[in-house]
Every structure is written in C-alpha cells, then in structure tokens.
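First the structure, in the form of structure tokens, and then the observations on it.
Both ligands and their constituent atoms are indexed starting at 1 by order of listing. Residue numbers count from 1 along this sequence.
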Amino acid sequence: MALIVQKYGGTSVASAERIGAVADRVARSRAAGHQVAVVVSAMAGETDRLLGLAASLRHPPRGRELDVVLASGEQASIGLLAMALEARGCPACSYTGAQVPIRTDSSFNRARILEIDGRRIRSDLEAGRVVVVAGFQGADEEGSITTLGRGGSDTTGVALAVALQADECQIYTDVDGVYTADPRIEPNARRLDRLTFEEMLELSSLGAKVLQIRAMEFASKYRVPLRVLSSFEDGPGTMIVPEDEEEGMEQPLISGIAFNRDEAKITVHRVPDRPGVAYRLLADIAAANIEVDMIVQNAAPEHDETDFTFTVNRNDYERAREMVDPVAEELGAERVTGDPRIVKLSLVGVGMRSHAGIASRMFDALARESVNIQMISTSEIKISVVVDERYLELGVRALHEAFDLHDG
Ligand code: ASP
Ligand code: MG
C-alpha cells in the first residue's frame, strides 16, 4: 500500500463528466489498496472568469478580497469531486486550504506556504477515506484566505506530498508527460520516461509550461518523487527524479528543446567602456523589478567603447526602452536599438556536463538551415540562443533532428 497525492488541473475537471472520470480514476487507485489524497484546481477557465469579474469592479484587481473571490473556484471543485466519489461508493471528504489547514504568509495573491498540518488528513486516510484538497489556496495567521499565484495548485500538490511524506506525487494534466519538444511544433517529439529535477526546472523556466516553477523547486528541495501524466489516457507518464538517482543509468545527451517566445532584445551601441556603465544601464530596470535574462557585452579595445545587449520579457520591452534610452544618451552612447521579435531556443540535458562539442553541433545544425544566431548563453546543463522569431519552428526541428531526439 502506498500513499499517493494526485493533483488534477483545470482541464481535468472542466465539466461534470470529466469530474466523474477523475472520480473513477481516484476510486481505482483506492481500490488498488492505496491511500489517496487529491488536490484539484478550479474548473478550466473559472479562475480567469473570476478575475475578470473582479477586474470589472476594481482595477487592477488585487489584495485580500481578490483571494476570497479566486479561492471559490477550487472550493467548488473539491465539493463536486467529493460528491462524485461518494456517488461511486468511495468515502471522501473535502478540505479548503484553511480547513486543512495550509498556513501561508499574508502576501495576498502570491502567498507562500509556511506549514501544512497534515493531522486531520492523515486520520481521514487511515479511516479509509479519500481526501480532496483545494489547490492554490491557504490561510494566513489571521485566518484570511490567501492564494498562491497562478498555477499554484501544482505547489499545493507537491507541498501536501511533502507534508504527508507521500510515496509519490502524481500531476495529472492534459498531456501524457514531458516531451523532447513541444509536439505542436515538432510532430516527432517523444515522451520522456525520466527527467531530472534540474532539467525539468530548466524546461519550465524556458517556457515548457507543464508545472509551476515554484512547485518544481519545492519538489527538488524535498526530493518528492514526481510523476507527470495524463488524466485522459492511461500511461506511465514522465518520472522526475533527483540526478543522483540517475547515476549508473545511461543518460541521454540532451533531454529536450525548449523555447521562449516572450523575449525582446535591447542593444546600446558604442557606449564608453568604463567601470559603472553596465550598472548604470540596468540600475533603473532592476529597480523597476523588470527581469533581465541574457546579457552580452563585448568591448572593442581600439575604441574604448562597447556594445551592450540584453533581453527582457516582451511585455516589459517598451518600459525598459523608456528607462534605458535616456541613460544611454547621458553616457554618450551612439544609439539604442531594439527588437521585440526574437525567440530563445535552448538545448537542455545533464549529459552536457560530461560531453564536449554539444555547442558546435548545435550551431552547425542551425547554420545548415541558415538560421542566424544573435546571442548565445550557456550554463552547465543548457545552451540557449536568441534567433529571429520567424526561425522558431525551423530551429526547433533542426535541433531535434541533429540530436536524434525523435522516436526510435
Ligand atoms: N486555478 C488556479 C489558476 O488557474 C490555480 C491552478 O489551476 O493551478 O491559476
Ligand atoms: Mg496548471
């Protein structure tokens, strides 16, 4: 007998019929002899609907009352699922975050979980009941309802698995696992059986949005065995494991290719090459909490000048320009140019640590397709390039092919 936490996302509970299908799946796990704690999201589209309603009354919507509104989506889901389970003869009990209780700090709309008291849930499980817990929410010290930020049910699932010392945390979603690339772009993409936490973190942060990043960090820190799988079809899904557990297994060189379309690039041309320039160029941007991703600077020694390029999220592009342009002028730069139509392509794989030549193979594959590389950055387990957005599909497919990631 195992203790399993199963998390179902919004698409898995999008209708009464689908809630019934989830109940069937949960009841099967229980009938197989497992103790099951279920975490659910709001029905698909519900959080957006509530957010829209809230926005029509207070713009921008935020604060304590917004969480009272948003948390209602998950509250409906847990009651409905518990009812569906009872209708199948499976004893069940639902819990809002506050009822568990899941204690959080008081940062409304993006609260962090501080502590989960698993006692009530554990005694329910021991009494043979399935417990159904609302994702995405908790309560602060005062008892005020809080929510954890969009996609936060993943974090609830992982955190509950930690608190209950579950044998496995299963994340059910609308895809049957993590793929070598987005199958909508690369039809030959293949489901991965296993992946390390670090690789999954890179893939998530690079735009392969299967799991909330905070949930991944949590799972990795507490070493919760995590499995991503489909709520619509049976299958083994993708197991996410600590890297040391992979030792001895044959590791693929590259696990996957991720991309991020939300990037924009800004270049300050021929700015004086002297101490403090990089700091000045980015100080206001940092103060405004605009996230800077890649930074490339290359000095031309004969001119005592340098070109300084960096990327920001596309949504922040205009604001970043407004901040950089005047500073660049003050510093005596020749001009500032920008391009909001770029994408970042990345190769991810722990196998890179022990293999040379991956970068050149990557650049060769892109060159063969005449894809111009605008920026390059590397870390231990990833290589990213910035290219024009029109090369997104071509680039992903060329890399998928070059690293033999397709089936068979
Ligand atoms: N319902 C919330 C959202 O849509 C939380 C979640 O689904 O993970 O962001
Ligand atoms: Mg989600």
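- The closest approach between a heavy atom of Gly152 and any atom of ligand 1 is below 4.0 Å.
- Considering backbone and side-chain N/O atoms, Lys7 never comes within less than 3.5 Å of an N/O atom of ligand 1.
- Under a 4.0 Å criterion applied to the non-hydrogen atoms of Ser41, ligand 1 contributes the atoms 6 (C), 7 (O), 8 (O).
- No N or O atom of Asp154 sits closer than 3.5 Å to an N or O atom of ligand 1.
- Residue Gly151 has at least one N or O atom closer than 3.5 Å to an N or O atom of ligand 1.
- Residue Ser153 has at least one heavy-atom neighbour below 4.0 Å for each of these atoms of ligand 1: 5 (C), 6 (C), 7 (O), 8 (O).
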Can you give me every donor-acceptor pair (side chain of residues 224-240, partner residue at least two apart or in another chain, under 3.5 Å) with its distance?
from: Arg227; atom 1: NE; to: Glu168; atom 2: OE2; distance (Å): 2.7
from: Arg227; atom 1: NH1; to: Pro236; atom 2: O; distance (Å): 3.0
from: Ser230; atom 1: OG; to: Phe232; atom 2: N; distance (Å): 2.8
from: Ser230; atom 1: OG; to: Glu233; atom 2: N; distance (Å): 3.1
from: Ser231; atom 1: OG; to: Ser12; atom 2: OG; distance (Å): 2.7
from: Ser231; atom 1: OG; to: Thr173; atom 2: O; distance (Å): 3.4
from: Asp234; atom 1: OD1; to: Arg25; atom 2: NH1; distance (Å): 3.0
from: Asp234; atom 1: OD1; to: Arg25; atom 2: NH2; distance (Å): 3.3
from: Thr238; atom 1: OG1; to: Val178; atom 2: N; distance (Å): 2.8
from: Thr238; atom 1: OG1; to: Leu192; atom 2: O; distance (Å): 2.6

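- Using a 4.0 Å cut-off between a side-chain N of Lys or Arg and a carboxylate O of Asp or Glu, Arg319 and Asp316 qualify as a salt bridge.
- When each of Glu217, Gln212, Arg214 is checked for a side-chain hydrogen bond (donor to acceptor under 3.5 Å, both in side chains) with Thr155, only Gln212 meets the rule.
- Proximity to Arg150 (heavy-atom distance under 4.0 Å) selects the following atoms of ligand 1: 3 (C), 4 (O), 9 (O).
- The shortest heavy-atom distance from Glu74 to ligand 1 is under 4.0 Å.
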Could you list the donor-acceptor pairs under 3.5 angstrom formed by side chains in residues 81-93, with sequence neighbours left out?
from: Arg88; atom 1: NE; to: Asp24; atom 2: OD1; distance (Å): 2.6
from: Arg88; atom 1: NH1; to: Ala84; atom 2: O; distance (Å): 2.9
from: Arg88; atom 1: NH2; to: Gly20; atom 2: O; distance (Å): 3.4

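- Looking at Arg314 and Glu389, a side-chain N of the basic residue comes within less than 4.0 Å of a carboxylate O on the acidic one, giving a salt bridge.
- Ion pairing between Glu115 and Arg103 fails under the 4.0 Å rule for side-chain N and carboxylate O.
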